[in-house]
Every structure is written in structure tokens, then in C-alpha cells.
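Reviewing the structure listed below.
In listed order, ligands and their atoms are each counted from 1.
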Amino acid sequence: MGERDNLTIDNLMKLLKERDPHQEEFHQAVQEVMQWVVPFAADSSRYNSFTLFEKLTEPERIIQFRVPWLTDKGEERCNRGFRIQFNSAIGPYKGGLRFHPTVNLSILKFLGFEQTFKNSLTGLPLGGGKGGSDFNPRGRSEAEIMRFCQSFMNELFRHIGPDTDIPAGDAGVGTREIGFLFGHYKRLTAQFNGVITGKSPAFGGSLLRPEATGFGLLYFTKHMMKQAGKEVDDARILISGSGNVAQYACMKAIETGAKVLTMSDSDGYIFVKDGLSREQLNTVMDIKNNRRGRIRECTEEFECDFHEGTPWEVEADIALPCATQNEIDKKAAKSLIGNDVVCVAEGANMPCTSDAVAAFHDAGVLFAPGKASNAGGVSVSGLEMTQNAQRLSWDKETVDQELHDIMDRIHDECVEYGREDKHVNYEKGAAIAGFIKVADAMLAQGAV
Ligand code: NDP
Ligand code: 2IT
């Protein structure tokens, strides 16, 4: 037996780093999950298999393709497109598409790996996948975005289907892009089916899908606070980002009675001393979704300050990072801890670095990993698949009740597997609970 055959986190990470030395985000995501799962598995006769972990960290299939498209001036451009079909043990591949210049294999493998565990936590029969392109939508006209989406789908359509792989949105891909992608899929295949989620309700989309990630994040945060004997109701909240997740997290926080002090984009953040009002949030949404402008434009519309950088030095009770990966580093974490933040729940995928998470654990700050706290989005995507298969549309109340139930169950599972002496380690709980279902399915399906 070689050294690698022993199931230890060091042996696993060594293998991954030798295979793909430059995929830092992927290594980070694996380390964060496996630091808890590997000791749990090594202790059990059922899961103590190095090969099981090799398979869990190796995508079943990676599709990479070129995406040529024309600018409005008639100039040809060429981007990279990807789809990572990570794990289909418990259902067809499911996960979003990201259009952002930082997209590469490391980013998409980290996201696909996370998605596998997140989708398992939802309790729905969904495997894990992720895809996207290094295309930068910023400053592009609607016609350019449409042509890009159509060119992307010209290749992607052969690899997806309502029972094989069901994409959705992620950063840079919202309802508009999903419409263009779906329209072109339909044209290429002559089929109308539930191949993509996040569609407009006009053609099969679920009510509450746009809201689901942000609303679910608040439902989860309420559970965490309650578990620790605290309330969200009059808390001061820092939100980063001003896209889909941030907007609806903000909306639900305001509805709950909390004060949202900040929102941001990659230029900087706005600070609203008394908390954003619902009208002010509507203005943010108009600037971002219709005018496709910048967060600093808020200063021309209502009373607020704009600062460059990230919002983590502002004093508050709860931090909800909803922009992008690694946006809270150790320094930002220290600043939050110094200001007595009590809870950090990830709306984005892996927005906290490993150092930051360790600092939160050490300081006794409640911390929820995205795979638990932002699972509301993919959950309602799963409900959209069910509605499409039934050829029915559920009303808002039904979807919201299901979303509540799913977030409740995820919280319960985190508590069950993450309970430690004085508090709940949500990172550990989510990792182990997510792992068990996927591992059981993989073991039952044999050497595939
Ligand atoms: P959007 O594209 O709608 O919004 C992204 C927001 O993050 C924008 O405000 C963007 O600002 C900001 N942002 C991006 N990069 C940076 C950066 N480097 N520094 C500061 N701000 C940045 O994406 P979503 O809201 O859909 O996604 C946000 C996060 O949530 C991602 O991590 C995504 O994977 C995750 N997520 C999304 C789900 C969904 O259903 N949409 C579900 C679960 C998780 P700018 O305009 O300047 O780029
Ligand atoms: O990260 C995520 O969970 C998403 N972008 C949503 C995926 C989906 O299939 O709805």
C-alpha cells in the first residue's frame, strides 16, 4: 500500500496539488470541506476509502469550447466556454453559469465541487455542475449579450438536457441571459423543456426564483441567530454586492426590520447610516438591473456616502458577503471581530478565505458556509424543475413555504453533524451532512 492510499487530508491535498498545481481556489474549496469530512470518514469502516475521495474531487466530465461572437461594430471576438459536470451520484448535474473575466477551470471546479455538497444538502435529487465563460458582460450592449449567449449555446446544447444537466444563472447571468440561452436552445433542439432554470415565469420559470438565494440566506441567518439566543429583527447588517443575491437579501432584511447599512460593487460600497429604506433599495435595483450602472450613482439619488474598498470596517452585528469569492480575508475578518460582529453567513460562494473562517471560529463568531446558507437559489431551481415536469406553476406562497422548509432542514442537519461543546460548527455540519448522501449513492452505484 503506497502512502497515498492512506486516507488523510494531507495525502488528498498532495494528490490534488500535484495534479493541478495552479488551481488554488479549487484546492481551497476542497480543503475547507475535507478538513472535516476526511477525519469523519477515516474513522468509519464504510467511508474509509482513498478512492472514494479521489472520485469526489475529480469531475466526471469537463467540457471546454470556444465561443466566437461579433461586437456591434462587426469585430470578431473569441472567449472560452466551459461546463463542469462534477458529480451525478444523486441526480442530474445542476448548477449555474457564470460570465465574468475571472472565470477559469480553478474557479469553475471550486464552484462545481461546492455545488455537489450544496445540492446534496437541499435534500432534492440534484447532482453538481457549474459552467460559464471568461466573457465580460460589463459595458456590452443587449445585442452583444444576446449574440454571445447564442454562440455559447451553439456548443453547450449538445451536453445538457432536462434529465442530464440543467444550468441556471450565477454572477453575470440573470433572467435576461437565461431567456436568450433558453430561446436559442429551443431553436437548436426544437424542444421546449425544463433544461434551464431561472426562466421568466412567462415561459415556465418558478415564482420566487430571483428572490430565492437572498431570501433563503435571511431565513438561514434567522435560524443561526435563534440557535444562539439572538434576533435578526433590529440588527445592523453589512451586505456586499448589489447583484441578484445582495438585492434580495437586502429586501428580506428590511422586511424583517433589520438595518442594512451597506451594499457594494467592485468599485466600492455605499454606507447608509440609518439603514436602507425599501424605496432606496428600489433605486439600487433600478440602477443595477435596468440602467446597468454603478453603486456610486446612489449618491446622486439619495442620502448616502460612497467609499472605495470593501464594507467590512463598518460597525455592525451581522455580515452577509454576497459578491464574490475571497472578499473577506483575515484582515477584514479581524476588523469585523474587533467590531463585535456576531454572525457571518455567506451569500456568495466561498467569500471568506480559510484564514478568515478560522478567525471567526476562534473568536466564537457564528459562521455559515455558502453551501448551507445560499442553498435557497438552487433549491427553488429544483422546485422549478418539478413544476416543469408537472407542467404546472405553483403560487408564491407554495414556493416560499417549500423554501422555508428546505432552509429549516439544512439548518437542522448542520446542527446535527456540527454540534460542538458550546456552539454549532456550521462548516463541519454542512460538509459532513452533504458528504453522507453523495458518498452513500456513490458506494451503492459501484465502481463508476
Ligand atoms: P450578480 O452578477 O448579480 O452580482 C454580483 C455582484 O458582486 C455585483 O454587485 C458585482 O459588482 C459584485 N462583485 C463581483 N466581483 C466583485 C469583486 N471582485 N469585488 C467586489 N464586488 C464584486 O451575481 P449574483 O448575485 O448572482 O452572485 C453573487 C455571488 O452569489 C456569487 O458568488 C455567486 O456564485 C453566488 N450565488 C449566486 C446564486 C444565484 O442564484 N444567483 C445562488 C447561490 C450563490 P460589479 O458589478 O462591480 O461586478
Ligand atoms: O451557486 C449556486 O447555487 C447557483 N448559482 C444557483 C444554481 C442553480 O442551479 O440554481
Side-chain angles (χ1 to χ4, degrees), residues 25 91-103 107-108 110-119 121-122 124 126-132 136-139 165-178 194-199 205-206 208-217 239-250 263-270 284-285 287-289 292-296 308-312 320-328 346-352 369-385:
E25 294 84 359
Y93 311 108
K94 177 85 195 87
L97 297 172
R98 176 178 290 193
F99 291 169
H100 196 272
T102 55
V103 162
I107 297 281
L108 293 180
F110 117 61
L111 289 163
F113 176 81
E114 286 280 300
Q115 198 80 47
T116 301
F117 288 77
K118 181 191 311 190
N119 292 2
L121 281 172
T122 67
L124 302 172
L126 304 172
K130 204 85 188 188
N136 187 357
R138 192 151 153 195
D165 184 353
I166 305 93
D170 191 77
V173 179
T175 310
R176 175 182 67 172
E177 290 73 21
I178 294 293
V195 68
I196 295 187
T197 61
K199 300 182 291 295
S206 178
L208 274 188
R209 175 62 189 86
E211 293 88 343
T213 314
F215 280 19
L217 175 64
I239 290 181
S240 64
S242 47
N244 171 269
V245 179
Q247 291 172 12
Y248 290 102
C250 183
M263 293 186 85
S264 73
D265 61 22
S266 51
D267 297 343
Y269 68 93
I270 53 163
V284 172
M285 291 174 74
I287 290 172
K288 284 286 157 183
N289 305 349
R292 303 207 175 251
R294 311 301 300 159
I295 198 80
R296 71 165 72 211
E308 285 179 0
T310 54
W312 313 121
L320 304 176
C322 299
T324 189
Q325 61 275 354
N326 292 330
E327 52 169 318
I328 297 187
E346 295 186 331
N349 285 307
M350 207 170 72
C352 300
K371 66 180 71 57
S373 48
N374 75 31
V378 74
S379 298
V380 173
S381 276
L383 303 178
E384 181 169 326
M385 288 163 64

Quick check on Ser264 - does any of its heavy atoms sit under 4.0 Å from an atom of ligand 1?
yes

For atom 6 (C) of ligand 1, state which one of Pro321, Gly243, Pro311 supplies the nearest heavy atom.
Gly243

Within the structure, is a non-hydrogen atom of Met263 found at a distance of less than 4.0 Å from ligand 1?
no

Quick one: CD1 on Ile295 to OG on Ser242, what's the gap to the nearest 0.5 Å?
4.0 Å

Counting heavy atoms only, which of Ala323, Pro101, Gly268 is nearest atom 7 (O) of ligand 1?
Ala323

Supply the atom-to-atom distance Lys288 NZ to Arg294 CZ, rounded to the nearest 0.5 angstrom.
4.5 Å

Quick one: which of Glu25, Lys118, Lys371, Arg98 gives a side-chain hydrogen bond (donor to acceptor under 3.5 Å, both in side chains) with Asn349?
Lys118

Report the part of Glu327 in contact with ligand 1, treating N, CA, C, O as backbone and CB onward as side chain, heavy atoms under 4.0 Å; options are side chain, backbone, both, neither.
neither

Tell me the nearest of Ser266, Ala348, Gly377 to atom 20 (C) of ligand 1, using heavy-atom distances.
Ser266

Only heavy atoms count here, so choose which of Asp170, Asn289, Leu111, Thr102 is nearest to atom 34 (O) of ligand 1.
Asp170

Contact check, Met350 vs ligand 1, heavy-atom distance below 4.0 Å
no

To the nearest 0.5 Å, how far apart are OG1 in Thr116 and CG in Leu126?
11.0 Å

Which parts of the protein, at residue level, reach under 4.0 Å of ligand 2 through a heavy atom?
Lys94, Gly95, Gly96, Gln115, Lys118, Lys130, Ala168, Gly169, Asp170, Arg209, Asn349, Gly377, Val378, Ser381

Just jot down the ligand 1 atoms closer than 4.0 angstrom to any heavy atom of Gly172, in number order.
2 (O)

Applying a heavy-atom cut-off of 4.0 Å, say which part of Val245 lies close to ligand 1: side chain, backbone, both or neither.
both

Measuring from atom CG of Asn374 to atom CD of Glu114, what distance do you get when rounded to the nearest 0.5 angstrom?
8.5 Å

For the side chain of Lys94 and the backbone of Ile166, is there at least one donor-acceptor N/O pair under 3.5 Å apart?
yes

At under 4.0 Å between heavy atoms, what of Ala212 touches ligand 1? The answer is neither

Per atom 14 (C) of ligand 1, closest listed option by heavy atom (Thr324, Thr197, Thr213, Val378)
Thr324

Which segment of Arg98 sits under 4.0 Å of ligand 1 when only heavy atoms are counted:
side chain

